[in-house]
2 protein chains.
Amino acid sequence: MSLESIHIAIVEDDNEIRQTLTLIIDGSQGFSCKYAFPDGESAMASIPNLPVDVVLMDIDLPGMSGIEVTKQLKKKCPDLDIIMLTVQSDDDSIFESLCVGASGYLLKDTNPADLLVHIKEVFDGGSPMSSQVARRIINSFRIIDNPLSERETEVLKMLSKGLNYKEVAEEVFLSPHTVKTHIKNIYSKLHVNNRAEAIYKAIKQKLI
Amino acid sequence: MSLESIHIAIVEDDNEIRQTLTLIIDGSQGFSCKYAFPDGESAMASIPNLPVDVVLMDIDLPGMSGIEVTKQLKKKCPDLDIIMLTVQSDDDSIFESLCVGASGYLLKDTNPADLLVHIKEVFDGGSPMSSQVARRIINSFRIIDNPLSERETEVLKMLSKGLNYKEVAEEVFLSPHTVKTHIKNIYSKLHVNNRAEAIYKAIKQKLI
DNA sequence: GCATCAATCGCTCAAAGGGGGTATTTTACT
DNA sequence: AGTAAAATACCCCCTTTGAGCGATTGATGC
């Protein structure tokens with residue numbers, strides 16, 4: 001079917017897991033796994049010079065973390081696909097990994113057959129993730145609740161674009177005094193005392 | 001295996017697709033699909049009173065859009081799982097859907113067998129999405145490039161917490177003059193003229 | 001019918017912010 | 001060795017902002 005195998009590298013400190021994964025993957029039709037590293041430093045040194053398509057990356061490594069390795073590797077090889085394969089399922093690990101350029105995020109309870117499917121998915125431009133991970137990511141988009149009125153939201157959006165009292169007032173055909181009142185109400189609803197904090201909170205809560 | 005079927009409702013204006021889907025799903029072991037609606041209004045009116053676990057929602061509907069329907073439905077039934085099933089694969093459709101509370105996002109080229117698997121996934125707390133959709137979402141986390149130095153980033157983060165010149169200066173053991181200089185440099189690098197806009201841009205570009 | 005809230009407009013004043021400069025030292029890259 | 005960038009510190013001047021006040025009108029809800 002495929003003329004070329006997908007070339008995979010593994011970065012994983014646990015000897016047993018690393019060896020098992022290597023054997024399973026390399027033994028499967030269409031997949032080749034000739035490189036495995038027990039730490040980030042050695043992976044960083046070698047992978048950029050190897051013909052590798054996809055990296056399976058653990059997060060909890062001795063020395064530099066898998067997230068840091070991912071960041072550095074993506075800087076050197078932007079087209080390399082890196083799948084995090086880890087037990088860490090906390091939000092921080094997930095979001096940091098995605099921010100530094102991971103293309104997928106799987107938990108270690110993924111069974112070997114699925115793992116191969118997911119590697120293929122990444123290779124084809126997809127982004128496999130364990131269902132719990134996907135739910136975390138999706139939930140991060142949810143709007144909790146919006147205490148601001150429409151007018152207030154409108155004003156806040158303009159502030160975020162850098163407009164001042166007067167400019168906002170002109171834009172929405174209001175007196176600058178009214179704009180000021182709206183802003184004061186915004187601050188009070190968001191429990192902040194200035195513009196910078198208001199915009200920060202508003203964005204974090206997806207209000208603007 | 002399972003004592004209870006998963007109860008599904010469909011919102012889809014195309015008669016053929018709606019009927020085909022209904023038949024396929026309702027004919028499958030462990031799945032029940034007794035409700036199907038050709039528009040958002042009728043779905044809104046009925047679904048809150050029906051024993052439904054999962055809704056398959058089209059986006060392009062006559063009258064209110066599937067996204068609007070999702071928003072309203074989730075307000076009334078926060079625990080209802082809604083999977084968008086649509087041809088729309090633009091970023092706006094995807095992100096708006098997730099923001100209003102969709103639990104999954106599948107493209108209409110998903111084959112029926114996979115669809116059933118994905119319905120089960122949602123029912124079990126997962127968030128199925130087509131691989132292209134997943135890649136879009138994951139890419140939205142990527143940092144494009146960061147023109148700010150570490151110090152500048154540190155200062156900007158403090159500004160976003162509502163601190164002023166003096167407070168930042170005390171926090172990082174610097175002269176307020178220096179803090180001001182950093183801030184001026186931040187403005188210049190981000191091409192903005194004030195704090196509000198700086199924080200807005202910085203967050204949008206994932207710099208803080 | 002009464003309360004609540006959004007939306008509107010107004011005032012004063014001290015504090016903070018932003019634009020324009022200049023300049024030294026340290027670090028980093030080549 | 002030389003240049004560039006980052007980090008540090010300081011000056012003047014004017015604008016903007018936020019706090020603390022008060023007030024009216026029109027919806028919306030109970």
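Chain identifiers are assigned alphabetically (A, B, ...) following the order of the sequence lines, protein sequences preceding nucleic acid strands; residue numbering begins at 1 within each chain.
Proximity of B/H177 to the phosphate of D/dT8: no side-chain N or O atom is located under 4.0 Å from OP1 or OP2. Contact check, A/K180 against D/dC21: no side-chain N or O comes under 4.0 Å of OP1 or OP2. At D/dA19, one or more side-chain N or O atoms of A/N193 fall inside 4.0 Å of OP1 or OP2 (strictly under the cut-off). Taking 4.0 angstrom as the limit, A/H182 places a side-chain polar atom (N or O) nearer than this to OP1 or OP2 of C/dT8. For C/dT8, neither phosphate oxygen OP1 nor OP2 lies less than 4.0 angstrom from any side-chain nitrogen or oxygen of A/T178.
Because its NZ or CZ atom is both nearer than 6.0 Å to the ring centre of A/Y165 and within 45° of the ring axis, A/R195 counts as a cation-pi partner of that residue.
Minimum heavy-atom separation, B/P48 to B/A43: CD-O, 4.0 Å.
One interatomic measurement links the two molecules: CD1 of A/I183 to C1' of C/dA7, which rounds to 14 Å at whole-angstrom precision. We find that CG of A/N164 is positioned 14 Å from C1' of D/dC14, with the value rounded to whole Å. Computed from coordinates, the A/F173 CZ to C/dA7 P distance equals 18 Å when rounded to whole Å. One can place CD of B/E150 at 12 Å from C1' of D/dA7, the figure rounded to the nearest angstrom. Remark: P of C/dG19 and NE2 of B/H191 are 14 Å apart, rounded to the nearest angstrom. Following rounding to the nearest Å, A/I186 (CD1) and C/dT8 (C1') show an atom-to-atom distance of 15 Å. With rounding to whole Å, B/E167 atom CD is found 13 Å from D/dG18 atom P. What separates CD of B/E197 from C1' of C/dG18 is a distance of 13 Å, to the nearest Å.
Ionic pairing of A/E171 and A/K161 is not present here: no N-O contact between side-chain nitrogen and carboxylate oxygen is shorter than 4.0 angstrom.
Between A/R151 and B/Y165, the one whose closest nucleotide on DNA chain C sits nearer the 5' end is A/R151. Residue whose closest nucleotide on DNA chain D sits further toward the 5' end, between B/S175 and A/R195: B/S175.
Counting atom types as modelled, A/S149 pairs no side-chain N or O with a base atom of C/dC5 as donor and acceptor under 3.5 Å.
Proximity of A/I119 to A/P128: side-chain heavy atoms (C-beta onward) are nowhere separated by under 4.5 Å.
Among the nucleotides D/dA19, C/dG19, C/dA7, the one closest to any side-chain atom of A/K184 is D/dA19.
Within the nucleic acid shown, A/N194 comes within 4.0 Å of sugar-phosphate atoms alone, with no base atom in reach, counting heavy atoms only.
There is no side-chain donor-acceptor pair under 3.5 Å between B/E68 and B/S65.
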